[in-house]
Protein chains: 2
Amino acid sequence: MAKIKDVAEAAGVSASTVSRVLCNGPVSDKVRKRVEEAMRQLDYRPNLAARRLRSQHTDTIGLIVSDIRNPFFTAVSRAVEDEAYRNGMRVILCNTDENPDKEAMYLRLMQEERVTGVIFAPTRQTVANLDPAALGFPVVMIDRASRDVTTDAVVLDNRRAAAALVEHLLAQGYRDIAGVFGNTSSTGMERHAGFAEAMQQAGLPAPAQFVAPSVEAAEQAVLAMLAAEQRPRALVVSNGVLMLGAVRALKSAGLHWPQDVALAGFDNDVWTELLGDGLTVIEQPVGDIGRAAMAMLLERLDDAGRSPRIVVLQGKLLARGSSAPAA
Amino acid sequence: MAKIKDVAEAAGVSASTVSRVLCNGPVSDKVRKRVEEAMRQLDYRPNLAARRLRSQHTDTIGLIVSDIRNPFFTAVSRAVEDEAYRNGMRVILCNTDENPDKEAMYLRLMQEERVTGVIFAPTRQTVANLDPAALGFPVVMIDRASRDVTTDAVVLDNRRAAAALVEHLLAQGYRDIAGVFGNTSSTGMERHAGFAEAMQQAGLPAPAQFVAPSVEAAEQAVLAMLAAEQRPRALVVSNGVLMLGAVRALKSAGLHWPQDVALAGFDNDVWTELLGDGLTVIEQPVGDIGRAAMAMLLERLDDAGRSPRIVVLQGKLLARGSSAPAA
DNA sequence: GTTGCAATTGAAATCGATCCCAATTTTTGT
DNA sequence: ACAAAAATTGGGATCGATTTCAATTGCAAC
């Protein structure tokens, strides 16, 4: 494969000049044309490893999420990637399965890659232990954030959104409402807080379950709740993955929504509008989240000194059949 | 950030020796321990760009798909990534939106990255024009393949699967069956062929629509088919994305399945089992596809000379409510 | 025809690792 | 204890680009 020296010889110039053509440096039009022609002749491709080594910038960002198969992360990551490539950057995607060891391993990998920055959806545990300053690159957290702000972050207004679900269910006439939340992310905690607060405001108890963030765990937990002698009349479910588990549990228990149990949750996944008369959900602005995260990262690269900020986006309540008024 | 020379000095050895520790070369245990201690002290991270430049292998593979939001590609890509990281390789993911220009651009990028290999789901157009030998790295195609085998590939037995759907619908008593297929991939063509063949075998006409591979395009096309005076009694739909469009079309036309129109398609996406009594689909072994592709790539790297081969995997018919016997 | 200044160009150092080869140390056999 | 063989270590070249700095060229003004 041709290298810069070959191009230089073919064009009768020095390697420096070829490099300048590559980087839009000052070159006369005549020479530039000759060099470009030589590149075409030789089918030249600049070696990115060499370029990165010398120039000390990799134009690469890391995107660390729990599981790309979670439609929320799928959508966010697509937005991040589009935005990254538009800015001439590459993306390294990592799946952690909410496992702190994998998170640590991938953060280490990011250091070896000398990435320009990282967009990260960390577990609670890692948030608590992480020293972002020691990493050597800026981090923008998404979906989850540390309470005490030390890195940039893009999150949903989770308390408000969860409270909105509760208020909606109350307005529809439901009272016995239980919640199901993920136990590994700060997001689950926040949504629980909003749920509990809104229930308390209404003078109601707020029974809640915290489960591992998987369809199966949610399904088991909801089955158990449904089998209890005092079955809840409505369920608030903390995200799309858990909602899938809840729906499976209801189906296998032979129960219908909203007649037997009303449902309301998060994430406007494609299938939520198709089930019965639709599932009531808080739609997250997934595209905006990805784009905002990328934008914050770029701003941070511009100005390393500015104080960390959190972008809080609002969800949108989509009231559908699963929370129709109680009989 | 510490470099290899710093570690060498700290440990009182040469850079070569540190490098040998890094690469598991021959080093005495005593020295190895000293070096590892120095690395820890300095929080040393090897610079991958430098390593790649010198060693001439990047341990990086490219994964080029149309859209990671398509659950089929989401699942395949997760499998590919797991397998890659298990083998100490990194993955660069690219979304082409079935756009040949983007495909060309990303292939070029892969050359600049000097990737070890690429796993690629190409459009028909690119398959036709591509000269894999000129690329400089091995390619394993997934989901789609060129008729005349010049690269390795992992595909479903699309004809068989499509025919199986037809046979199933026939067995259930359906006769007026129409098909909807994507128009950018060889996969759509293959599935159409299987569909047409099976219909012909039964002595039936095989009306088919070819549409752009988007939910919206499928929705429009199916709406039109449903509005025609001779409405089909059953629909074979070529993939999960198009199926979503078909379901939306039926819903908005106020039609039910299987009473008004039976449905059968591809991709066992999570929601397909939840709609009504479930959607009849061919389940693709998505994990196996990803793993097989990665395995083929590794074998090819071992033996560049061996003749290209195609791995053909079988789909699994999941007969569910949407194709229940005609009244 | 100089002089001066700006615009181009080239030579050589450099980024941070690996790799080849020679030098040194350790081990083995007798 | 000594020679030969094996294992370990270091020095220096190298991967392919960018970057710095100095040299050269071109052009305008006098």
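Note that the structure is a prediction, hence the values are computed from the model and not measured. Side-chain atoms are counted along with the backbone in the values below, which use heavy atoms only and exclude waters and symmetry mates.
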dC15(C) P sits how many Å from E113(A) CD, rounded? 21 Å
Determine the contact category for R45(B): base if any of its heavy atoms lies under 4.0 Å from a base atom, sugar-phosphate if only primed atoms, P, OP1 or OP2 are that close, otherwise nothing. sugar-phosphate
Interatomic distance, K3(A) NZ vs dT18(D) P [rounded to whole Å]: 14 Å
Would you check, one step at a time, whether the test ring pair (Phe, Tyr, Trp, His ring centres under 6.0 Å) holds for Y106(B) with F120(B)? CA-CA 10 Å; Y106(B) 284 128; F120(B) 185 19; 9.8 Å; no
Below 3.5 Å, does any donor atom in the side chain of R54(B) face an acceptor in the base of dT14(D), or the other way round? yes
Is any side-chain nitrogen or oxygen of Q56(A) closer than 4.0 Å to OP1 or OP2 of dG16(C)? yes
Measure the distance from CG on N47(A) to C1' on dC15(C) and round it to the nearest whole Å. 13 Å
Closest to the V13(A) side chain: dG10(C), dA17(D), dT9(C)? dG10(C)
Is the base of dA7(C) touched by the side chain of S28(A) through a donor-acceptor pair closer than 3.5 angstrom? no
Rounded distance in Å - CG (L22(B)) to P (dG16(C)): 15 Å
Residue whose closest nucleotide on DNA chain D lies nearer the 5' end, D29(B) versus R20(A): D29(B)
Earlier contact from the 5' end, DNA chain D, for V27(B) and S55(B): V27(B)
Report which part of the nucleic acid T17(A) touches: base, sugar-phosphate, or nothing (heavy-atom distance under 4.0 Å, all strands). sugar-phosphate
Taking for each residue the nucleotide of DNA chain C with the nearest heavy atom, is it C23(B) or K30(B) whose nucleotide lies nearer the 5' end? C23(B)
Nearest-Å distance, CZ (R52(A)) to C1' (dT14(C))? 19 Å
How close or far is atom C1' of dG16(C) from atom CG of L42(B), stated in whole angstroms? 15 Å
Where the side chain of P26(A) is concerned, which of dA17(C), dG10(C), dT8(C) is the nearest nucleotide? dT8(C)
Taking N and O atoms by type only, does the side chain of R51(A) place a donor or acceptor under 3.5 Å from a partner on the base of dT18(D)? no
Side chains of V140(B) and T151(B): does their closest heavy-atom pair fall under 4.5 Å? no
Test your reading of the model: is there a side-chain donor-acceptor pair from D97(B) to the backbone of N99(B), 3.5 Å cut-off? no
Whole Å only: how far is the CD atom of E9(B) from the C1' atom of dG16(C)? 14 Å
If you compare every side-chain N and O of S14(B) against the phosphate oxygens of dG11(D) (OP1, OP2), does one of them come in below 4.0 Å? no
Whole-Å gap separating C1' (dA17(C)) and NZ (K5(B)): 12 Å
Candidate nucleotides dA17(D), dG16(C), dG10(C), ranked by approach to the side chain of S16(A) - the nearest: dG10(C)
Are E37(B) and R34(B) ion-paired here, with the side-chain N under 4.0 Å from a carboxylate O? no
Distance test, side-chain N/O of S19(A) to OP1/OP2 of dT18(D), below 4.0 Å: yes
Within the 4.5 Å heavy-atom criterion, are M110(A) and L135(A) side-chain neighbours or not? no
Any ion pair linking D288(B) and R291(B) (charged N to carboxylate O, less than 4.0 Å)? yes
